[in-house]
2 protein chains.
Amino acid sequence: MKNLRAIHLPPDELPQRWYNIQPDLPAPLPPPLGDAQIQSLPNLMIGECLKQEFSNERWIDIPYEIQQLFLQAGRPRPLFRALNLEKALGTSARMYYKSEFFSPTGSHKVNTALAQCFYAVEQGFNRLTTETGAGQWGTALAYATSLVGLKCTVYWVRAVYNWKKDRRNLMELYGAEVFASPSDKTQAGLELYSKNPNHNGSLAIAISEGLEDSSRDPKAAYALGSVLNHVLMHQTIIGLETQKQFEIVDDYPDIVIACLGGGSNFGGFAIPFIGDALTKGKKTRFIAAQSQSAPNLQGKYAYDFADHAEKTPQLKMYTLGHQTDFPPIRGDGLRYHGCSPIISLLRNHGYIDTVAYPIDEKHVFESARKFMQAEGFIPAPESSYAVTCAIDEALKCKETGEEKVIAFNISGHGFLDIEGYRDVIGLK
Amino acid sequence: MKNLRAIHLPPDELPQRWYNIQPDLPAPLPPPLGDAQIQSLPNLMIGECLKQEFSNERWIDIPYEIQQLFLQAGRPRPLFRALNLEKALGTSARMYYKSEFFSPTGSHKVNTALAQCFYAVEQGFNRLTTETGAGQWGTALAYATSLVGLKCTVYWVRAVYNWKKDRRNLMELYGAEVFASPSDKTQAGLELYSKNPNHNGSLAIAISEGLEDSSRDPKAAYALGSVLNHVLMHQTIIGLETQKQFEIVDDYPDIVIACLGGGSNFGGFAIPFIGDALTKGKKTRFIAAQSQSAPNLQGKYAYDFADHAEKTPQLKMYTLGHQTDFPPIRGDGLRYHGCSPIISLLRNHGYIDTVAYPIDEKHVFESARKFMQAEGFIPAPESSYAVTCAIDEALKCKETGEEKVIAFNISGHGFLDIEGYRDVIGLK
């Protein structure tokens, strides 16, 4: 049977090494700043992750146990040729999408969650703390801790916690304890909570609470879901699989597209292909799909804090300012002030293009509906930005007649975000 | 890398024929009764499906186009060895689960929806009508019609329509029109609707409306999601894949478990293995997991109508009576009065065991949570009945020390049913 449509990678072809792009970058990565903050890291973070953060090894072995966890999470995930969508658009482009929506919790975040949990167990921790905004990261960590037998504490921005009941219950079903932040569980939270128990909270406050909680408990570590080098490296499993899948069909992308908030999804999908561009002379174009709410790649390339409360080291990145407020959007995972240092450096050297879609998100959700009706899968709001960009590029090919190869990552499914579709598209 | 955990079937190993068990049954299938109803079928149903319904061919080719649709839907789906769950239970059993939860709409129902839609297009129809209760079938048909370019009309029991807003919007995003039933769109509906616009409706009324709608429109056919022979046959793709996956690991199930409402999920998973029992002397035990709300396999083996309004032919089946009311449960797909004629005949000849779990569903949802915390995937409420049965059987093995091989099908995911978990388990 001729099969152009679904490119499956056999489990024994699961990549066994992560790609660390640091030695291949066009310039050295500027080091983090802030002595006090940097000195606190070993007490807060998982040792192996901290080591990977500053590693210059090009390839880092994925331990056997993490490979097994990836298999259990359904990896490798299929790469689909979007034949129906191509036909619906009438484009001359060849479109391929990666199916991170098959993740157990609904997003790509599980890839680094599983890796971090394995290393945490190895180091003797019995609990991980974290913050979450949209909730995808909190869910992924709740899931991964459950699989390896760790406890999990999630501080969740109260404004989101209050209405995303299903997602909160999902974390709790995995056994996590989930607190609305600011909470009365930490000093940082209590100061705000005691003045106003209905305080909306912010990602910055939630980070402070998670850090404080972990710093008080020698058996706990703090886990991060985006921005940092080791997180992006764990996520390269997505792009490394995709490269092998393109080899199977003897094709190669001219354009690589992913949505970008902090950078872990974009980095995970694009970095292996960027490596080809840096070391093998490939002429691929890379586009980060963003929201006009927080188009951080259009900000300043400067040192900035990762959090509101200035507890983290400063990182050199494209930033809109760590104390800026951003208008709420449904693709909440794209609403962050700064972009990962690695992606920022590549952007600064001209390797990354960016597009930002309007805050009303109509174009984004309408594009997602077009994709659904052709291909059948419902993308997460964040992933719909990548879908939109891919469709827009395919329509440009339709005009020019170019047969470009467009690869895009669908970082998660939208089953828990149908309310967003309803509100934006105007369903009853 | 040693991989015992995730058994993937390559796409070119996708089964190319469905298994029709009719010629291998231990006795001929009793024919349907009711001249008037039987004569109306060719005007209502898709011709090829009607032909398959009464076919005695053991193997029926899956057309190339349907194979492509299966690939697009993510088939073949992995079979997982539940190593973590085995460890958590301390069982000597080997447990395997099939991942129908990777379906684009969330359940196994897409398998027959895609097949029926292909045949409907081939025959020149431009629209399909149907009823839905829990909503899984309506979603699957909305999805499949969208992919092949048919229109879709769903009559949905009003009591469920009113509160399952996300699922309704999902159908609408695929382009389906969805009416609360009884509606003002049909004579059958209008009679009830005009007396009470808030009438709760029933599956029987919704069937009547769908049938009437389709009978008035020569370009429309009525599509069925369970019970009938051709539906079960389309679903054998699940069990046929699973058989190949067991060959890959050189293992074979001693116990095959699936949940059973009308029979399409149970049949689709178990029938290929039942074929082995009938023709190759395999000694496998087959268990249908049901609810005490509607334990139809414990009913009478007799001729009965498939619907409340007696519009369908009578089928010989295990039935609790076609006008019986059943207490509501979260696993609403298991709340049906009758079991498919094929499964009923096999049950009558001693090939099928059954277990029915209490209506409070506590044991069922607690078992699902145990599964989630070990394996990471959230099962649909209906699928959780199969999970429960598998865990119970594994715990029996723990007592006896037997190394039985337990295979169970997880027919769908629970992302749209977290409310059920919340209510039954008692989360806030």
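Residue numbering restarts at 1 for every chain, and letters A, B, ... go by the order of the sequence lines.
In this structure, the separation between CD1 on Ile60(A) and CD on Gln16(A) is 15.5 Å, given to the nearest 0.5 Å. Note: Asp166(A) CG to Asp166(B) CG = 7.5 Å, rounded to the nearest 0.5 Å. To the nearest 0.5 angstrom, Phe365(A) atom CZ is 11.5 Å from Arg369(A) atom CZ.
At a 4.5 Å heavy-atom cutoff, Thr145(A) makes no contact with chain B through either its backbone or its side chain. Using a 4.5 Å cut-off between heavy atoms, Asn169(A) touches chain B through backbone and side chain atoms alike. Both the backbone and the side chain of Phe102(A) come within less than 4.5 Å of a heavy atom of chain B. Only the backbone of Arg75(B) has a heavy atom closer than 4.5 Å to any heavy atom of chain A. Interface residue Phe80(A): only side-chain heavy atoms are found under 4.5 Å from chain B. Interface residue Ala73(A): only backbone heavy atoms are found under 4.5 Å from chain B. The contact between Leu173(B) and chain A is made by backbone and side chain atoms together, counting heavy-atom distances below 4.5 Å. For chain B, the nearby part of Leu416(A) is the side chain; its heavy atoms alone come within less than 4.5 Å. For chain B, the nearby part of Tyr421(A) is the side chain; its heavy atoms alone come within less than 4.5 Å.
Chosen from His413(A), Arg168(A), Arg167(A), the residue pairing most often with chain B at heavy-atom distances under 4.5 Å is His413(A). When each of Ala368(A), Pro76(A), Ser146(A), Pro78(A) is checked for heavy-atom pairs under 4.5 Å with chain B, Ser146(A) comes out on top. Most heavy-atom pairs under 4.5 Å with chain A, from the set Pro104(B), Ser99(B), Gly149(B), Gly106(B): that is Pro104(B). The residue among Met372(A), Glu375(A), Arg422(A) with the most heavy atom pairs within less than 4.5 Å of chain B is Arg422(A). Your options are Ala374(B), Ser103(B), Ala144(B), and the one with the most heavy-atom pairs under 4.5 Å with chain A is Ala374(B).
Between Phe371(B) and Phe408(B), the ring planes are perpendicular. Angles over 60° get that label, and only those under 30° would be called parallel. Phe246(B) and Tyr96(B) have perpendicular rings, their planes meeting at more than 60° on a 0 to 90° scale where under 30° would count as parallel.
Residues Val154(A) and Met171(A) come closest through the heavy atom pair CG1-SD, 4.2 Å.
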